[in-house]
Undergrad: 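Below is a structure I'd like to ask you about.
Scope of the values below: all heavy atoms of this structure, side chains included, with no hydrogens, waters or symmetry mates.
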Amino acid sequence: MYAVAVLLVVAGVFAFYWFDGQWSTGLRIGAVVGGLVAALAVFMFSAKGRETREFLSESRFELRKVVWPTRQEATRLTWIVAGVVVLISLIMAGFDAIVQWAIKLLLGH
């Protein structure tokens with residue numbers, strides 16, 4: 001089944017390039033889109049496609065349970081994360097400067 005889906009995509013792309021100059025650009029793009037749609041349909045009716053549909057359904061169900069932060073909470077947490085990133089960057093820059101100084105001291109430069 002997967003090979004058929006891949007072949008449908010490849011056939012659409014092949015038609016796009018093979019009929020360059022013979023078909024209009026819209027028709028060639030339609031061949032690619034048609035190949036992608038046909039491949040998706042074949043994939044979704046395979047065993048892995050059924051598993052994918054089930055996974056997406058369960059994921060949507062779980063997302064409904066999530067308590068999302070308010071805009072104010074999200075903004076506040078974003079500022080906290082940005083501040084911590086800046087602070088850790090400054091600390092790392094300080095360690096880097098100390099190590100550079102120590103290496104220059106040891107090498108006599």
Undergrad: Taking all heavy atoms of A39 and all of V9, pick out the closest pair and write down the distance.
TA: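 For A39 and V9, the tightest heavy-atom pair comes out as CB-CG2, 3.4 Å.
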
Undergrad: Any heavy-atom pair between the side chains of L56 and R60 that's under 4.5 Å?
TA: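 R60 does not reach L56 side chain to side chain.
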
Undergrad: Can you get from V33 to Y17 by hopping between Ile, Leu, Val, Met, Phe, Trp and Tyr side chains that sit under 4.5 Å apart?
TA: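 Linked, V33 and Y17 end up in one cluster.
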
Undergrad: Applying a strict under-4.5 Å side-chain criterion to I, L, V, M, F, W and Y, I'd like to know whether I91 and V99 cluster together.
TA: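 I91 and V99: separate clusters.
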
Undergrad: Tell me which pairs pass side chain to side chain donor-acceptor pair (under 3.5 Å) where either residue lies in residues 76-88, with sequence neighbours left out.
TA: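 Counting only pairs at least two positions apart or across chains, no side chain to side chain donor-acceptor pair (under 3.5 Å) contact touches residues 76-88.
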
Undergrad: Between F14 and F19, is there shared hydrophobic-cluster membership here, with clusters defined by ILVMFWY side-chain heavy atoms closer than 4.5 Å?
TA: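 Same cluster: F14 reaches F19 through Ile, Leu, Val, Met, Phe, Trp or Tyr contacts under 4.5 Å.
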
Undergrad: If you count heavy atoms of other groups shown closer than 6.0 angstrom to CZ of F45, is the number above 12?
TA: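 Not more than 12 within 6.0 Å, no.
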
Undergrad: State yes or no: do L90 and I98 share one hydrophobic cluster built from I, L, V, M, F, W and Y residues joined by side-chain heavy-atom distances below 4.5 Å, directly or via other members?
TA: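 Different clusters: L90 never reaches I98 through Ile, Leu, Val, Met, Phe, Trp or Tyr contacts under 4.5 Å.
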
Undergrad: Output the distance between atom CG (L63) and atom CH2 (W68), rounded to the nearest 0.5 Å.
TA: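 Reported to 0.5 Å precision, the distance equals 5.5 Å.
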
Undergrad: Throw together a table of side-chain donor-acceptor distances under 3.5 angstrom for residues 22-31, partners on residues two or more places apart or in other chains.
TA:
residue: S24; atom: OG; partner: L27; partner atom: N; Å: 3.3
residue: R28; atom: NE; partner: F16; partner atom: O; Å: 2.6
residue: R28; atom: NH1; partner: D20; partner atom: OD1; Å: 3.3
residue: R28; atom: NH2; partner: F16; partner atom: O; Å: 3.3

Undergrad: I need the minimum non-hydrogen distance between E73 and T70, along with the two atoms involved.
TA: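 The answer is OE1-N, 2.9 Å.
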
Undergrad: Whether the side chain of T52 engages the backbone of K48 through a donor-acceptor N/O pair (distance < 3.5 Å, no angle test) should be reported.
TA: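 Yes.
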
Undergrad: Are Y2 and L40 linked, directly or through intermediate hydrophobic residues, by side-chain heavy-atom contacts shorter than 4.5 Å (ILVMFWY only)?
TA: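 Yes, same cluster.
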
Undergrad: Does any part of the side chain of R50, heavy atoms only, come nearer than 4.5 Å to the side chain of E54, both counted from C-beta?
TA: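 Not touching, per the 4.5 Å side-chain cut-off.
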
Undergrad: Which distance, rounded to the nearest 0.5 Å, do you find between the CD of E62 and the OG of S57?
TA: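 Here the interatomic distance stands at 10.5 Å.
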
Undergrad: Are V42 and S46 packed together at the side-chain level, in the sense that at least one heavy-atom pair is separated by less than 4.5 angstrom?
TA: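 Contact flag for V42/S46 side chains = no.
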
